[in-house]
A.B. asks: 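This is the structure I have questions about; it appears just below.
Letters go in sequence order (proteins before strands), and every chain restarts at 1. These numbers come from a predicted model, not from an experiment.
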Amino acid sequence: MGSRLPWTVMNPNAETPAPRSLPRLHRAVVEWYGREARDLPWRAPDRTPWGVLVSEIMLQQTPVVRVLPVWTRWLQRWPEPTDLAAASPADVVRAWDRLGYPRRALRLHAAAQRIRDIHGGRVPEDHAELLALPGIGAYTAAAVAVFAFGQRHTVVDTNIRRAHARLFTGHALPARSLTAAENRLAEAVMPEDVAGSVAWNQAVMELGALVCTARAPRCGQCPVRDECAWVAAGSPPAAEKPRGQSWQGTDRQVRGAVMAVLRAAQDPVPRPLLLTDLAGSEQLAAGHSAPPDVVVERLGALWRLDAPTEQRERALAGLLADGLAAEEPAGIRLPG
DNA sequence: CATACGTGGAC
DNA sequence: TGTCCAAGTAT
């Protein structure tokens, strides 16, 4: 067979070890990383496992540029897990600022307490122990084990999934949810030696973030363009359109607005006042460019859409269930 | 396996 | 302008 197509294209279900061409791929991508990688503080020589762990949690579904300032402040304020463990949940959520998904902040806080209580205040190196921490799933456990402790694990994040899909499988985008086949592929294409595997994981992730991007991939700058199954196939478009996350008029939107009010308030907010504030919330007005009176009218319409009070109450119930807000005589407040 | 979960920048 | 997307996790 004189075909130059990547092995997975010829043998999509293969679970066999790496083909002969992989070392060249490894070298090309790792060299590219050495040239083009971003200078991020959680990659610096003086990084700590705790700093890496914090960065990985913050980076879940959140862009690097938004994480950078918050991460820096966070590490200054809470340089060790035990420092964060001693903080109040309210302070933790406020310091989280507007990174989004504030439950991550609460889980990170809980993880810090667990690290203090059963790991002697040190971030555990063991993958299974990392996985057992709140807020840490398959990706983050592997990422910390690899990037903080230099171990050999398959790191599979959205960047790597996309790069693998194009490079090896020939698809524009990976499936909606992570499949067992993707994990097998990640293991199959990873260098056998520990140092090589760490470099490869880091480099492919960066390649996905900077070059092999979701929207407009910069194939002209790709170090492995000639090896790419997707390019070889003529860069066909994605099979199915991604399903957008609904937002307007959902509990989620209301939860976001509630969080904005509670973050800004130092004292408990009386329930009636909270609901009033929500009606005038910028969050809920965002996306409307009409004059103020029209916006207010539209918001009114939004609230009236279907049982508006019930919707607000449901969002509030969600916050209470998450422990993000506490119900007390004085009003609603952040926990702690 | 699908869905809920924040926030804001880019096209 | 509305849609898509960003180093996922828990249920």
A.B. asks: Take atom CD1 of A/Ile160 and atom C1' of C/dA6, then tell me their distance rounded to the nearest Å.
C.D. replies: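 Going from CD1 in A/Ile160 over to C1' in C/dA6 covers 15 Å.
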A.B. asks: Measure the acute angle between the ring planes of A/Trp200 and A/His26, then classify it against the limits of 30° and 60° as parallel, tilted or perpendicular.
C.D. replies: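 Answer is perpendicular, since the angle exceeds 60°.
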A.B. asks: Using a cut-off of less than 4.0 Å, is there contact between a side-chain N or O of A/Arg243 and OP1 or OP2 of B/dA4?
C.D. replies: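 For B/dA4, neither OP1 nor OP2 has a side-chain N or O of A/Arg243 closer than 4.0 Å.
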A.B. asks: Using a cut-off of 4.0 Å on non-hydrogen atoms, how would the nucleic acid contact of A/Arg107 be classed: base, sugar-phosphate, or nothing?
C.D. replies: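 Counting heavy atoms under 4.0 Å across all strands, the contact made by A/Arg107 is with sugar-phosphate only.
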A.B. asks: Linking Ile, Leu, Val, Met, Phe, Trp and Tyr through side-chain heavy atoms less than 4.5 Å apart, which residues share a cluster with A/Val156?
C.D. replies: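 A/Val156 clusters with A/Leu178.
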A.B. asks: What does A/Thr158 touch in the nucleic acid at a heavy-atom separation under 4.0 angstrom: a base, only the sugar-phosphate, or nothing?
C.D. replies: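 Sugar-phosphate only.
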A.B. asks: Counting only heavy atoms and a strict 4.0 angstrom limit, can you tell me which residues of residues 35-50 of chain A come near DNA chain C?
C.D. replies: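 Hits under 4.0 Å, by residue number: A/Arg38, A/Leu40, A/Trp42, A/Arg43.
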A.B. asks: Determine the Euclidean distance between corresponding P atoms of C/dA7 and B/dA4; express it in Å to zero decimal places.
C.D. replies: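 So the two P atoms sit 23 Å from each other.
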A.B. asks: Which residues pass the ring-ring contact (aromatic ring centres under 6.0 Å, His included) test with A/His153, sequence neighbours left out?
C.D. replies: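 A/His153 satisfies ring-ring contact (aromatic ring centres under 6.0 Å, His included) with A/His127 only.
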A.B. asks: Under the salt bridge (charged side-chain N to carboxylate O under 4.0 Å, His left out) rule, what pairs show up with a residue in residues 160-174 of chain A, not counting sequence neighbours?
C.D. replies: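 Residue pairs with at least one partner in residues 160-174 of chain A: A/Arg161-A/Glu182.
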A.B. asks: Going by number, which of residues 213-221 of chain A have a non-hydrogen atom under 4.0 Å from DNA chain C?
C.D. replies: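 Close to the strand are A/Ala214, A/Arg215.
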A.B. asks: Please tell me whether A/Thr179 and A/Arg184 have a donor and an acceptor in their side chains that are separated by less than 3.5 angstrom.
C.D. replies: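 Judged by distance alone, the side chains do not pair up.
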A.B. asks: Looking at B/dC5, I'd like to know if its phosphate oxygens (OP1 or OP2) sit under 4.0 Å from a side-chain N or O belonging to A/Arg252.
C.D. replies: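 Checking B/dC5 against A/Arg252, no side-chain N or O comes under 4.0 Å of OP1 or OP2.
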A.B. asks: Applying a 4.0 Å non-hydrogen cut-off, can you work out what A/Gly137 is touching in the nucleic acid: base, sugar-phosphate, or nothing?
C.D. replies: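 Answer is sugar-phosphate: A/Gly137 comes under 4.0 Å of backbone atoms only.
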A.B. asks: Using the salt bridge (Lys or Arg N to Asp or Glu O under 4.0 Å) criterion, which residues pair with A/Arg333? Sequence neighbours excluded.
C.D. replies: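 A/Arg333: salt bridge (Lys or Arg N to Asp or Glu O under 4.0 Å) contacts with A/Glu328.
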A.B. asks: Mind checking A/Leu99 for me? I need base, sugar-phosphate or nothing, with any heavy atom below 4.0 Å counting as a touch.
C.D. replies: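 Base: the residue A/Leu99, judged by heavy atoms under 4.0 Å, touches a nucleobase.
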A.B. asks: Rounded to whole Å, how long is the line connecting atom CZ of A/Arg176 with atom P of C/dG8?
C.D. replies: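 Computing the A/Arg176:CZ to C/dG8:P distance gives 17 Å.
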A.B. asks: Any chance you could measure A/Leu99, atom CG, to A/Ile57, atom CD1, to the nearest 0.5 Å?
C.D. replies: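 One gets 12.0 Å once the value is rounded to the nearest 0.5 Å.
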